[in-house]
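I have placed the structure first, in the form of structure tokens, so that the comments after it can refer back to it.
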Amino acid sequence: MTVSLVGAGPGDPELITVRGLSRVRTCEVLVYDRLVAEEIVREAPIGALRISRDGLSQDDINSLLVAHGKRGRRVVRLKGGDPFVFGRGGEEALALVRAQVPFEVVPGVSSIAAVPESAGIPVTHRGVSQMVTAFAANDVEQLDARALAQIPGTLVAFMGGAVVERLAERLIEHGKPASTPAAVVSRGTTEDEEVVVAPLGAIGEAARDAPTPALVVIGEVVALREALGALARNAA
């Protein structure tokens, strides 16, 4: 295989898969995202060409993967989370298909469940939430807030930390109760993880200074965090 699209996991370097780490350790070219843990990047061989994604457009990255792949080099495209969950892995795979460059996808642990879980929030729970809806919130004004406000279960907003106040306003405007439990999880699964919990109507103010990257979780499952935390403390 020439190019491997590898998911690095949600932040904690220990959460990359065995296969993903194997690909990194044997690569000749490593193209990695800014949010990938430095500990994983350092696993690449000493002689490997390491290319940071910073400052590169998606077209630039596609061209790099194709160019090095056509030379028969072992290329790893290392992405945070999972390559196909808000990671543009599909776009890169299509570019490789069009260029007839062999590739594989190595799934990663996605933030959709791992980050809330690290914060003590199960995204599903029998009798509380049987559905999870994930969406990218960075372009908050273009979201179908009416539809999102009416969807039952848990909402998980990627790239939502910087726009959580406006996101909450739009959901409430379209019928989501302001009392709905909400959480902002910053730097999830890492040693620097921070969690802010508040009702939807107050989460914008409460999380105003929360660092990014951050995931926003909205739904009744957030209220389970306190109970799970108490159980964990008692067990310890």
(message) Rounded at 0.5 Å granularity, tell me how far NZ in Lys70 sits from OG1 in Thr2.
(response) 10.0 Å
(message) If I compare all heavy atoms of Thr154 with all of Ser129, which pair ends up nearest, and what's the gap?
(response) OG1-OG, 2.9 Å
(request) Please name the residue in the list Arg74, Arg23, Arg77 that meets the salt bridge (Lys or Arg N to Asp or Glu O under 4.0 Å) test with Glu104. (result) Arg23
(message) Can you tell me how far apart CD (Gln58) and CD (Glu92) are? Round to the nearest 0.5 Å.
(response) 4.5 Å
(request) Give the cluster check for Val196 versus Val217: same hydrophobic cluster or not, with ILVMFWY residues linked at side-chain heavy-atom distances below 4.5 Å. (result) no
(request) Without swapping roles, check the side chain of Thr190 against the backbone of Asp192 for a donor-acceptor pair under 3.5 Å. (result) yes
(message) I'd like to know if Val106 and Phe103 are part of one continuous hydrophobic network [Ile/Leu/Val/Met/Phe/Trp/Tyr, side-chain heavy atoms within less than 4.5 Å].
(response) no
(request) Please round to the nearest 0.5 Å and tell me the distance separating atom OG of Ser179 and atom CD of Glu220. (result) 7.0 Å
(message) Minimum heavy-atom separation for Ser111 and Leu215, please, with both atom names.
(response) O-CD2, 3.5 Å
(request) Work out which heavy atom in Lys176 is nearest to a heavy atom in Ile151; give both atom names and the distance. (result) NZ-O, 3.7 Å
(request) Would you indicate whether the side-chain heavy atoms of Ile51 and His68 approach each other to under 4.5 Å? (result) yes
(message) Using every non-hydrogen atom in the two residues, find where Val109 and Leu15 come nearest and quote the distance to one decimal.
(response) CG2-O, 3.5 Å
(message) With a 3.5 Å distance limit and no angle check, can you tell me whether Arg53 reaches the backbone of Leu56 through a side-chain donor-acceptor pair?
(response) yes
(message) Contact between Ile40 and Tyr32 at the side-chain level, heavy atoms closer than 4.5 Å - yes or no?
(response) no
(message) Taking atom CZ as the centre, does Arg42 end up with more than 12 heavy-atom neighbours from other residues, nucleotides or ligands that are less than 6.0 angstrom away?
(response) yes
(message) When you compare the side chain of Val101 with that of Leu65, does any pair of heavy atoms fall below 4.5 Å?
(response) no
(message) When you group the ILVMFWY residues by side-chain heavy-atom contacts below 4.5 Å and let the links chain together, are Val132 and Val85 in the same group?
(response) yes
(message) Do Val216 and Val221 sit in one hydrophobic cluster, given that two such residues count as connected whenever their side-chain heavy atoms are within less than 4.5 Å of each other, even indirectly?
(response) no
(request) Give the minimum heavy-atom separation between Ala145 and Leu171, together with the two atoms involved. (result) O-CD2, 3.9 Å
(message) Hydrogens and angles aside, do Ser63 and Asp60 bring a side-chain donor and acceptor to less than 3.5 Å of each other?
(response) no
(request) First locate atom CZ of Phe135, then atom CG of Leu167, and finally report the distance between them rounded to the nearest 0.5 Å. (result) 5.0 Å
(request) Please confirm whether the backbone N or O of Ala183 pairs with a side-chain atom of Arg225, one donor and one acceptor, at under 3.5 Å? (result) no
(message) Taking CD in Glu38 as the centre, count heavy atoms belonging to other residues, nucleotides or ligands within less than 6.0 Å. Is the count above 12?
(response) yes
(message) Using the rule that Ile, Leu, Val, Met, Phe, Trp and Tyr join whenever any side-chain heavy atoms are under 4.5 Å apart, tell me whether Met159 and Leu148 fall into a single cluster.
(response) no
(message) Taking Pro211's backbone N and O only, do any of them form a donor-acceptor pair with Ser186's side chain (distance below 3.5 Å, no angle check)?
(response) yes
(message) Just verifying a value: how many Å separate Leu200 CG and Ile172 CD1, rounded to the nearest 0.5 Å?
(response) 4.0 Å
(message) Take a 6.0 Å sphere around CD of Glu141 and say whether it holds more than 12 heavy atoms from other residues, nucleotides or ligands.
(response) yes
(request) Decide if atom CZ of Arg19 counts as having more than 12 heavy atoms of other residues, nucleotides or ligands within a radius under 6.0 Å. (result) no
(request) Work out which heavy atom in Pro10 is nearest to a heavy atom in Ala114; give both atom names and the distance. (result) CG-CB, 3.8 Å
(message) Rounded at 0.5 Å granularity, tell me how far CG in Leu21 sits from CD in Glu39.
(response) 12.0 Å
Residues 115-128, side-chain donor-acceptor partners within the protein, below 3.5 Å, at least two apart:
from: Ser118; atom 1: OG; to: Glu193; atom 2: OE1; distance (Å): 2.7

(message) Main chain of Leu35, side chain of Asp33: is a donor-acceptor contact present, judged purely on distance under 3.5 Å?
(response) no
(message) Name the residue from Val41, Val36, Leu49 that meets the side chain to side chain contact (heavy atoms under 4.5 Å, CB included) definition with Leu30.
(response) Val41
(request) Kindly indicate whether the side chain of Phe158, heavy atoms from C-beta on, has any atom under 4.5 Å from the side chain of Ile112. (result) yes
